[in-house]
Amino acid sequence: MVWWGRYSEQILAATFGLATTVLLSGEISRSFDYDEGVSIASTISRGSAVVPFTDTTVFNNHPIFASWQSVWWAMGGEGEARQRLFPVLYGALAVALLAGWAARRFGLVAGAAAGAVLMLNPMFVTQARAVRGYSLATLCVVVGVVTLVEYVRKEQAVARSGSTGLLFVHALAVVGAVGTHLFSGIALGAVGIGALLVLRRFDLRLWSAWVLAGIGVAAVYLPTFAELRDTAEQRGTDFKPWFGRVATWEVLGRDRVTGTIIAGLALAGLAFLVARRVSTRPGVGAAAITVAVLVTAQAWLVWQVAQPRDLYPRFFLTLVPLLAIAVAVAVGRVPGLAVVLVVGLVFTWGNVADVRRSSSPIREAAAVVTIADGLGLQSCVVGGWPMRVYGGFARELDAEASDGREELRACDVFVRIGSWGRPLLEPARDVFPYETRVGGFEIFSVVPSGELGL
């Protein structure tokens, strides 16, 4: 089959892109979750391409991502399914590009391995199906890494045709990734240092591309820099002793068996790159080790030294493509290792399926508040900001109040959203005669839940 031999890489990429689209589109019309609701209520629903660059809500904007989502909203892209269309597309393109490129460089089985590692990562599935910028940042990191590697390969070859175009796309990808989420710079920065080690010389064009990319990133954040700095100071620091362990397993695939297998394959890929018989290009082994060390060191410094209060495993999602490439190298060298990878991914499939089915009852909670307003009842809430997307406006209570009985007595309905407000649970049970759970939310009221549409 001549056509398969000629287009096998493209077919593999398209297959993974389609599979990822189907995977991420599950329950696409579900209610917005908390972070989605905050992004939309504070920024996207304003329908302005400029607002995401001039205003911010506790680091929640993801500027470049939110800018287009705002334009899309103004063009008629309102509602859950339409808003999720582009995040799903970004995720599918990231997997397709990674799989296709890895297939070209390391073989079809390796390409499938790389695509599967990213596509079936539960954290990726969670974030790439949400109205947040993580899938765009991941796509841009994949583009940035692929174009930089291809540029270095061309620079080491006799023919350098097209290398300037690669640098242009690389610079755009850097701006897109870091301009969407600052933590994308961890992966791109490490790979950039690795590229310098392979080139082993000063490359004016590459440095010029990075300078231009830096100017672009600065332009994205400059209007809100003072606000972001003040917010960081107000939020302060908070050491999370559990973070390193949780973030590591999330990046590796969440399940312990899956994570152990993927980590082992990635280390094998790293070893193959270092081995002279596999890597005939000077400096590649040193560059691979440097990338691994720099990624680990940066993550450790953020966790142990900077200790920002707002630090979550999803911030490191853009490291997964690097992990997938390392796995692809190992599978490309020893195709039989693909069987081991399949076994590992089977163990995390339950996590992927759970993520795909998961939903947040923000929409239902907002409906309760709306009905309560119609009955003339006073609604109070903890964590209620995202309900505004659905027109649910309620009085916000102090989530950390040790005894909020007096505040609660002024309410007829109390809704606890998210993980906040636990100290108010016992007082609420004393004050309200009725308690109902909707999803993970508690709803207390002075009237039976049936009158609130529950």
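Only this structure's heavy atoms are used, side chains among them; waters, hydrogens and symmetry mates stay out. The chain is numbered in sequence order, starting from 1.
- Among all heavy-atom pairs drawn from Ala113 and Leu341, the shortest one is CB-CD2, 3.5 Å.
- With hydrogens and angles disregarded, no donor-acceptor distance shorter than 3.5 Å links the side chain of Gln10 to the backbone of Gly100.
- Using a distance-only test at 3.5 Å, with no hydrogens or angles considered, a donor-acceptor pair links the side chain of Lys240 to the main chain of Arg309.
- Between the side chain of Arg235 and the backbone N or O of Ala232, no donor-acceptor pair lies under 3.5 Å.
- No more than 12 heavy atoms of other residues, nucleotides or ligands sit less than 6.0 Å from atom CZ of Phe347.
- When atom types are taken as modelled, the side chain of Thr237 and the backbone of Pro308 share no donor-acceptor pair closer than 3.5 angstrom.
- The main-chain N or O of Ser360 is found under 3.5 Å from a side-chain atom of Ser31 such that the two form a donor-acceptor pair.
- Residue Phe225 qualifies as open at atom CZ: its count of foreign heavy atoms under 6.0 Å is 12 or below.
- Between the side chain of Arg129 and the backbone N or O of Arg356 there is at least one donor-acceptor pair closer than 3.5 Å.
- Looking at Leu323 and Ile262, their side chains come closer than 4.5 Å, going by heavy atoms from C-beta outward.
- Across all non-hydrogen atoms, the minimal contact from Gly133 to Thr180 is O-CG2, 3.2 Å.
- A donor and an acceptor atom, one from each side chain of Trp101 and Glu9, are nowhere located under 3.5 Å apart.
- In this structure, the side chains of Asp35 and Asp33 come closer than 4.5 Å at one or more pairs of heavy atoms.
- Judged by distance alone, the side chains of Gln83 and Gln69 do bring a donor and an acceptor atom under 3.5 Å apart.
- Side-chain contact between Ile362 and Val389 is absent, with no heavy-atom pair separated by less than 4.5 Å.
- Between the side chain of Thr348 and the backbone N or O of Asn351 there is no donor-acceptor pair closer than 3.5 Å.
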Verdict with supporting geometry, Thr318 and Ile186, side-chain contact (heavy atoms from CB on, under 4.5 Å)
CA-CA 8 Å; Thr318 51; Ile186 292 179; over 6 Å; no
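- In this structure, the side chains of Val352 and Leu23 come closer than 4.5 Å at one or more pairs of heavy atoms.
- Looking only at side-chain heavy atoms (C-beta outward), Val198 and Arg153 stay at 4.5 Å or farther from each other.
- Judged by the 6.0 Å distance and 45° axis criteria, Arg132 is not positioned over the aromatic ring of Tyr134.
- At least one side-chain heavy atom of Met123 sits less than 4.5 Å from a side-chain heavy atom of Arg314.
- In this structure, OH in Tyr90 is found 8.5 Å from CG in Leu139, a value given to the nearest 0.5 Å.
- Here CZ of Phe53 is found 5.5 Å from CD1 of Ile64. Values are rounded to the nearest 0.5 Å.
- The closest donor-acceptor contact from the side chain of Thr147 to the backbone of Gly144 lies under 3.5 Å.
- In this structure a side-chain-to-backbone donor-acceptor pair under 3.5 Å is missing from Ser67 to Pro63.
- A side-chain donor from one of Thr164 and Arg205 sits under 3.5 Å from a side-chain acceptor of the other.
- A salt bridge links Arg105 and Glu150; the closest N-O separation between the charged side-chain nitrogens and carboxylate oxygens is under 4.0 Å.
- The pair Arg363-Glu80 counts as a salt bridge, with a side-chain nitrogen and a carboxylate oxygen less than 4.0 angstrom apart.
- With respect to Glu155 and Arg201, a salt bridge is recorded, a charged nitrogen being found less than 4.0 Å from a carboxylate O.
- Put simply, the side chain of Trp210 reaches to within 4.5 Å of the side chain of His170, judged on heavy atoms.
- A donor-acceptor pair under 3.5 Å links the side-chain atoms of Arg84 to the main chain of Ile28, judged by distance alone.
- Inter-residue side-chain proximity for Leu167 and Leu206 is flagged as met; some heavy-atom pair is nearer than 4.5 Å.
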